[in-house]
Student: 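Can you read through this structure? Questions will come right after.
Here the structure is a predicted model, which means the values were calculated and not measured. Counting begins at 1 with the first residue of the sequence.
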Amino acid sequence: MTRAERMTLASVVAWGLSLIGFFPATKDRQWIIIAAALVLVSAVIGTVVRRLGGGEAIAKPLQLLPGVAFWFFVVGTNAEAIFAKTAAAVVESVAPMDPEPGFRIFAAIGMWLVYWIVELLAVGIDDAVWAFPLLFTPYLIPALATADDISGFYYLFPAAGFLILLTVSQYRRALGLGSFVAAAFSAALVGALAVAGSVGIGVRLPTLAMLETVGTSSNIRMRDPSADISRNLRAARAVPVLTYSFDQPRAAGTYLRLVALPELTEQGYGLVQAPLTESSGTLTPEATPGGDEFKVTVKMADFASQYLPLPWGTSSFSAAGSWTWGPAISALLSRDGGDTATVQLEYTATATVFDLSDDQLRTMSAGQPDDKAVTLGIPTAVPDSIHLLAADFRAARPDAAAGELAVDLRDWLSSDDFTYDTATRSGDAMATLDDFLLRSRSGYCEQFAGSYVLLARMMGIPARMVIGFLPGSEKDGTWSVTTHNMHAWAEIYLDGYGWAPIDPTPGSSGTRPSVSPSPASTPSASAAPTRSATPSASATPTAQPANPLIPSQSNWPWLAIGGVAALATLAAAPRLIRVVRARRRLGRTGPLPTRVEDAWEELRDRILDSGGIWPGGTPRQVAARLADTWESESAIAAIRELALRVEEARFAQGVSECDPATLLAAIPLKARASLVPRSLLWNPTRKGRHR
């Protein structure tokens, strides 16, 4: 078995072990069969090509054929649709996610590419150390994609694979058992340092939740939790979040808000950059409520959040740690504890009951918040159909105040015209809202709240989405909240009052609690908008932007530049691989026998690159045959001495002291100008004359 074949086999084994680190990401295991088939075919192709005399420049491109063929026959022209559906499924799912065909395809292709690159590093460049981050990639994906801790058990397998690959790369067969022991010891030392370093870095790696952030003027990074809603609602198991109790008996629980999302873009609702202020326990109220005060005691479970769950209208709180208040998002954030600040935390909050009745709401006018440019903002990508819908709704109530429009809009969305359903829907935010409002009329709280906020803004009412939790379930005076209670609702800004909560999501069985009072009766048919009215001038839709997936005319120059750059990179890759391989061989500082072998392999490649051939036989026979093609006595002497040192390394107990790099430098060789060095292609049959 040649060294290249040993490294190929080691790459396959190391890759297979690294896959176990990906198991926490998905319940599906069929992707493993696909990926393993692609890898085995690629490994066989590479081995056969090398056996037939082909070099890396031939073997590596041919090893891509299985993946290209799989992509062509399985995905074909449906790549865009499959990717969109898969992306939506990933966003809406909780790890380990349920089997999904698109995810299975992309996982298999991605893991196969990991192997292809690992083998390129181990065989092509002959430096297995750099395969370390690739082998840990399958483990890092689920580790970053979930806030839950991934068991260290899964970390052991890519670590073991890396150590195996490193051991085989250090082992020289001709040097016997001693070489194997030395290689294993060296690999264990380097591998232990690499694994220890990755553990140290991994402790500091943010979770995916922490990566979904928006900067502020302080040192805190705010996370957008909206992506968590669907994942938590659709998860098979409800995870405890917190329990709470009141200081006096109450007939109903309370919503617990995390954060408001004022900004609306083509991608959906999100946070805004906003200053944060230190909070000593007193908060600026979002409105001027006139209801009764109540005190709530909250006990958090093992639920990690940088936001402190609080009732609407909280005026004061008492919690351990350092907390900052974000007025623009009405949220309390941990300054020093990050996501872990809420784990097992117990705290109290004093809040005021929201007591505006529907009759009071109907008489109120829209206010002018400081962030009205944001909370009245409408993306240019909103479909014309939604503009027409808002215009029809407004035209049916020409004299209605903002409060009356707000109540009617809530009643329409919570009527029997819509159904509550957590099923995943693919597509961007605007397409999802368009489908929800005008076709399926089926969705979960994020679609209800998102549609409400958008339509309210179109009718001149400042509005924003809020993320938090429903009241939960009560037993013996204690309310329990789980991840299945995560919820989204809306807030509108009213003149002389402030931000008022509105929940347009209907209950799945008519029992879902509501922040605002339940409507006294089912909305009449007249409350629903029709499509016959002509939109007013204010509702004239703006031009919808072009599809970003279709390159516009102005993009073609950049695409051309990118294409030229890609071709230039591909053209330079073989030469770069050859340069890196040479530097790695001559730059090693390991045992002398290993350096002698590296210099001998480098001499072989240099002769091939200069147009000569590499004769067969023992090192001494090779040196004798090369001497017949050389005229330089110093070069012939250097070749013969290097050959003797190689034979000592392979067959003697020790190697006479020498400097392999100096011997190699005494053999002048000039590579022929070529995009692909001949040593990466094949052993040419023409004999050359070296001077």
Student: Of all heavy-atom pairs between P309 and L256, which one has the smallest distance, and what is that distance?
Tutor: CB-CB, 4.2 Å
Student: Quick one: does T342's side chain have a donor or acceptor within less than 3.5 Å of a partner on S305's backbone?
Tutor: yes
Student: Using every non-hydrogen atom in the two residues, find where A500 and F354 come nearest and quote the distance to one decimal.
Tutor: CB-CE1, 4.0 Å
Student: Between F393 and W412, what is the ring plane arrangement, given parallel below 30°, perpendicular above 60°, and tilted in between?
Tutor: tilted
Student: Can any side-chain N or O of T483 pair as donor or acceptor with the backbone N or O of V239 at less than 3.5 Å?
Tutor: yes
Student: With rounding to the nearest 0.5 Å, note down the distance linking CG in D417 to CG in D411.
Tutor: 11.5 Å
Student: Step by step, would you call E446 with T432 a side chain to side chain contact (heavy atoms under 4.5 Å, CB included)?
Tutor: CA-CA 10 Å; E446 199 166 359; T432 301; over 6 Å; no
Student: Start with the C-alpha distance between S442 and Q447, add both sets of side-chain angles, then the distance that settles side chain to side chain contact (heavy atoms under 4.5 Å, CB included), and finish with yes or no.
Tutor: CA-CA 8 Å; S442 176; Q447 275 85 53; over 6 Å; no
Student: Evaluate side chain to side chain contact (heavy atoms under 4.5 Å, CB included) for L283 paired with W323, printing each intermediate quantity in order.
Tutor: CA-CA 11 Å; L283 303 180; W323 300 88; over 6 Å; no
Student: Quick one: do V296 and W479 satisfy side chain to side chain contact (heavy atoms under 4.5 Å, CB included)? Show the steps, please.
Tutor: CA-CA 11 Å; V296 63; W479 294 78; over 6 Å; no
Student: Would you name the heavy atoms of S414 and P506 that are closest together and state the gap between them?
Tutor: O-CB, 3.7 Å
Student: Below 4.5 Å, heavy atoms only, C-beta onward: do I502 and L409 meet side chain to side chain?
Tutor: no
Student: Looking at W489, is its backbone amide N or carbonyl O close enough to the side chain of Y452 to form a donor-acceptor pair, meaning the two atoms are under 3.5 Å apart?
Tutor: no
Student: Short question: side chain of R457, backbone of V374 - any donor-acceptor pair under 3.5 Å?
Tutor: yes
Student: So, for T375 and P262, which heavy atoms are closest and what is the spacing to 0.1 Å?
Tutor: CG2-CB, 4.0 Å
Student: Do W325 and S330 come close enough that some side-chain heavy atom pair is under 4.5 Å?
Tutor: yes
Student: For G326 and L333, work out which heavy atoms get closest and say how close.
Tutor: N-CD1, 4.4 Å
Student: Is M458 close to R394 at the side-chain level, that is, under 4.5 Å between some pair of heavy atoms?
Tutor: no
Student: Quick check: do L271 and V259 have side-chain heavy atoms less than 4.5 Å from each other?
Tutor: yes
Student: Do T254 and F294 touch side chain to side chain, with heavy atoms closer than 4.5 Å?
Tutor: yes
Student: Just how far is it from atom CZ of R257 to atom CG of L310, taken to the nearest 0.5 Å?
Tutor: 8.5 Å
Student: With rounding to the nearest 0.5 angstrom, report the CG to OG distance, L438 to S451.
Tutor: 9.0 Å
Student: According to salt bridge (charged side-chain N to carboxylate O under 4.0 Å, His left out), who are the partners of R464, at least two apart in sequence or on a separate chain?
Tutor: E491
Student: How close do F303 and P240 get, heavy atom to heavy atom, and via which atoms?
Tutor: CB-O, 4.5 Å
Student: Can you tell me how far OG1 of T243 sits from CE of M300, rounded to the nearest 0.5 angstrom?
Tutor: 9.5 Å
Student: Between M430 and L264, is any pair of side-chain heavy atoms under 4.5 Å apart?
Tutor: yes
Student: To the nearest 0.5 Å, how far apart are CG in L356 and CZ in R362?
Tutor: 13.5 Å
Student: Between F418 and Y420, is the gap from one ring center to the other below 6.0 Å?
Tutor: no
Student: Look up atom CG in L332 and atom OG1 in T314, then write down how far apart they are to the nearest 0.5 Å.
Tutor: 9.0 Å
Student: Does the side chain of T478 reach to within under 4.5 Å of the side chain of D476, using non-hydrogen atoms?
Tutor: no
Student: What residues form a side chain to side chain donor-acceptor pair (under 3.5 Å) with S318, not counting sequence neighbours?
Tutor: none
Student: Without swapping roles, check the side chain of N485 against the backbone of T482 for a donor-acceptor pair under 3.5 Å.
Tutor: yes
Student: Please determine if R410 and D358 form a salt bridge, counting it only when a charged side-chain N lies under 4.0 Å from a carboxylate O.
Tutor: yes
Student: Got H484 and L470 here, is their nearest side-chain heavy-atom distance under 4.5 Å?
Tutor: no
